[in-house]
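It should be emphasised that the depicted structure is a prediction, and the values quoted were computed from it without experimental measurement. In what follows, every chain begins at residue 1, and chains take the letters A, B, ... in the order their sequences are listed.
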Amino acid sequence: MTPASAPALVQETPYRYRIEPTGRMRVPGVVFASPGLLPEVGGDQALQQVADVATLPGIVDASYAMPDVHWGYGFPIGGVAATDIADGGVVSPGGVGFDISCGVRLYAADLDAAAFAPRKEAVLDGLSRSTPRGMGKGAVWDLSGADQLAKVLASGAKYAVEQGHGVQRDLDRCEDFGAVDDADPAGLSERAVNRGLHQLGSLGSGNHFLEVQVVDAVRDQAAAEAYGLRAGQVCVMIHCGSRGLGHQICTDHVRAMEQAMAGFGITVPDRQLACVPVESDPGRAYLRAMAAAANYARANRQLLGQAAREVFERLTGAGLDLIYDISHNLAKVETHRVTGGDGAAGAAGAAGGAGQPRRLCVHRKGATRALPPGHPDLPADLRDLPDVGQPVLIPGSMGTASYVLTGVPGGPAFASTCHGAGRTLSRHQAARAVRGQELRRLLESRGIAVRGASWRGLAEEMPEAYKDIDAVVEAAEGAGLARAVARLVPVGVVKG
DNA sequence: ATGTGC
């Protein structure tokens with residue numbers, strides 16, 4: 001059972017640590033972090049969660065933690081776990097998170113920082129008005145009823161664009177080209193549907209934001225150019241998810257699996273790890289509902305992006321081109337080579353060495369897919385470039401830098417990397433440390449325009465409550481998870 | 001994250 005003390009870490013390389021399998025762990029734990037990040041790597045609970053995930057039926061290679069790992073519901077945030085579907089591998093809602101398909105969308109404007117500066121306050125005012133946010137209701141698109149919601153759930157951003165809320169490029173550059181096709185709107189609870197009807201096109205709260213950013217430094221010229229980014233360019237980044245709908249779906253299926261688990265002979269060290277085989281009725285039902293929430297989240301970001309685009313065009317004359325849209329809370333059925341999780345196994349597999357290709361259920365919770373160059377699922381215009389992988393969008397905490405990375409060959413964690421800075425202080429600790437008004441003054445004095453939803457919400461997101469995003473990205477690069485393409489700094493933030 | 005919470 002769960003050991004009382006924190007699991008011991010053994011350093012394997014400067015950016016890779018191992019938790020030896022003990023007790024019911026089926027595979028080792030692997031933590032990617034720099035020595036500098038490690039002492040505060042989420043505390044004992046996050047590492048214990050890495051070890052607990054390693055006990056899940058069908059898990060292969062290792063239970064992975066990204067450099068931004070911290071404590072979460074059941075699984076750590078910043079966790080990656082893959083299960084072998086044909087070998088009784090499970091799916092767990094806790095491995096996806098409550099905010100199903102929470103993710104990031106980045107647009108680039110045909111506008112440089114100097115030309116934007118005189119318009120900054122007006123644009124931020126415009127974005128503040130066009131971006132419903134905060135707890136509860138208010139949305140860009142109030143749906144007519146369950147029939148229209150079903151279309152959103154089935155077709156995601158594709159439906160939004162079909163209805164005039166966007167352009168073809170928005171789909172070409174979106175993960176899964178705007179929609180996953182195995183969603184089942186009919187399987188959702190009435191509560192999930194009701195919560196979804198009036199929140200489409202809304203940011204939410206917590207760490208969700210819409211930011212105007214400027215490309216501060218380009219680290220990889222070829223990839224930046226292919227993506228459509230240049231130094232000094234103005235960008236818009238949107239970070240949000242599936243709102244109350246995804247939350248309700250997670251709640252519904254955790255409950256169902258808690259009941260169903262015993263029937264499959266599954267016991268877990270923490271009830272928050274409730275899971276069932278992928279190949280089971282409740283497993284398939286969860287994945288289809290999760291897919292519906294993924295489509296809702298994409299449509300959500302599509303609508304918020306379109307509203308921002310209209311503000312930009314009206315006030316600056318510049319359009320917004322989508323760079324990419326990627327989720328960091330999702331499970332996906334993918335084929336990878338499985339090698340047993342020893343050291344360089346993942347890299348060797350990807351290079352065509354040892355390891356059998358298996359159909360896996362890859363859980364990424366607070367972790368971002370990072371496909372290597374040449375992968376068939378890349379956008380068509382990026383697919384045939386030799387050293388350019390999938391765009392990876394890493395939002396920093398409020399007032400700090402964000403990053404664009406690219407997927408690399410031979411990634412050691414099923415083509416995954418970090419998702420952001422990762423919390424170090426609780427919301428409560430942060431709110432006690434600073435007042436929202438004070439924080440806004442500080443950010444404004446550093447040239448960052450702030451449009452908040454609540455003073456408390458602002459305080460909870462103080463930069464000091466998060467890890468250093470530069471160090472997290474450095475560790476991700478050092479561990480061979482991804483490569484930096486561009487660093488972006490905020491000039492204006494609309495907070496949920 | 002979330003009509004913050006058994």
Side-chain angles (χ1 to χ4, degrees), chain A residues 42 45-46 49 68-79 92-105 132-139 142-143 149 188-210 238-255 258 271-272 274 289-290 292-294 296-298 300-301 304 326-331 363-368 395 397-398 419-432 436 453-461 465-466 495-496:
Chain A
Q45 290 180 100
Q49 289 185 318
D68 51 339
V69 67
H70 58 287
W71 175 85
Y73 178 89
F75 285 58
I77 295 162
S92 173
V96 170
F98 274 86
D99 193 1
I100 296 170
S101 204
C102 179
V104 184
R105 165 173 292 232
R133 59 195 190 277
M135 295 287 287
K137 52 184 179 296
D142 200 35
L143 296 167
L149 176 62
L188 301 199
S189 68
E190 195 183 334
R191 286 180 120 183
V193 168
N194 286 337
R195 291 181 75 172
L197 283 173
H198 310 295
Q199 296 188 319
L200 190 63
S202 67
L203 209 49
S205 60
N207 64 354
H208 290 168
F209 64 71
L210 183 152
I238 298 171
H239 177 203
C240 64
S242 51
R243 308 289 280 106
L245 177 128
H247 193 278
Q248 190 63 48
I249 288 171
C250 183
T251 301
D252 292 343
H253 286 265
V254 165
R255 275 189 200 144
E258 278 173 351
R271 63 179 295 176
Q272 296 186 349
M290 182 205 72
Y296 188 91
R298 280 146 203 208
N300 193 27
R301 291 191 287 272
L304 289 170
I326 182 78
S327 166
H328 48 233
N329 280 8
L330 210 58
H363 300 74
R364 296 188 183 88
K365 180 190 191 176
T368 315
S397 55
M398 183 176 60
H419 87 303
R423 258 192 187 276
T424 54
L425 293 186
S426 70
R427 299 192 171 285
H428 189 71
Q429 287 172 309
R432 274 196 316 191
S454 81
W455 293 118
R456 161 122 195 164
L458 209 59
E460 288 176 348
E461 293 300 314
Y466 286 85
K495 275 300 296 178

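What separates NE2 of A/His208 from C1' of B/dT2 is a distance of 10 Å, to the nearest Å. Distance A/Gln272 CD to B/dC6 P: 11 Å, rounded to the nearest Å. To the nearest angstrom, C1' of B/dT2 lies 16 Å from CG of A/Asn194. Atom pair A/Ile77:CD1 and B/dT2:C1' shows a separation of 13 Å (rounding to whole Å applied). If you take NE2 of A/His428 and P of B/dT4, they are 18 Å apart, rounded to a whole angstrom. Between A/Met135 atom CE and B/dG5 atom P there is a gap of 8 Å when expressed in whole angstrom units. A/Leu203 places its CG atom 9 Å from the P atom of B/dT2, with the value rounded to the nearest Å. To the nearest angstrom, P of B/dT2 lies 12 Å from CZ of A/Phe98.
Side chain of A/Asn329 to backbone of A/Asp99: a donor-acceptor contact under 3.5 angstrom is found.
The phosphate of B/dT2 (OP1 or OP2) has a side-chain N or O of A/Ser205 nearer than 4.0 angstrom. The side chain of A/Arg427 places no N or O atom within less than 4.0 Å of a non-bridging phosphate oxygen (OP1 or OP2) of B/dT4.
For A/Ala453, the side-chain contact (heavy atoms from CB on, under 4.5 Å) criterion is met by A/Arg133, not counting sequence neighbours. Residues forming a ring-ring contact (aromatic ring centres under 6.0 Å, His included) with A/Phe209 (at least two apart in sequence, or on another chain): A/His239.
With a 6.0 Å radius and a threshold of 12 heavy atoms from other residues, nucleotides or ligands, A/Arg191 has its CZ atom at or below the threshold.
At the heavy-atom level, A/Arg191 lies under 4.0 Å from base atoms of the strands shown. A/Gln199 comes within 4.0 angstrom of the backbone, heavy atoms only, and of no base. Looking at heavy-atom distances under 4.0 Å, A/Gly244 makes contact with sugar-phosphate atoms alone, never a base.
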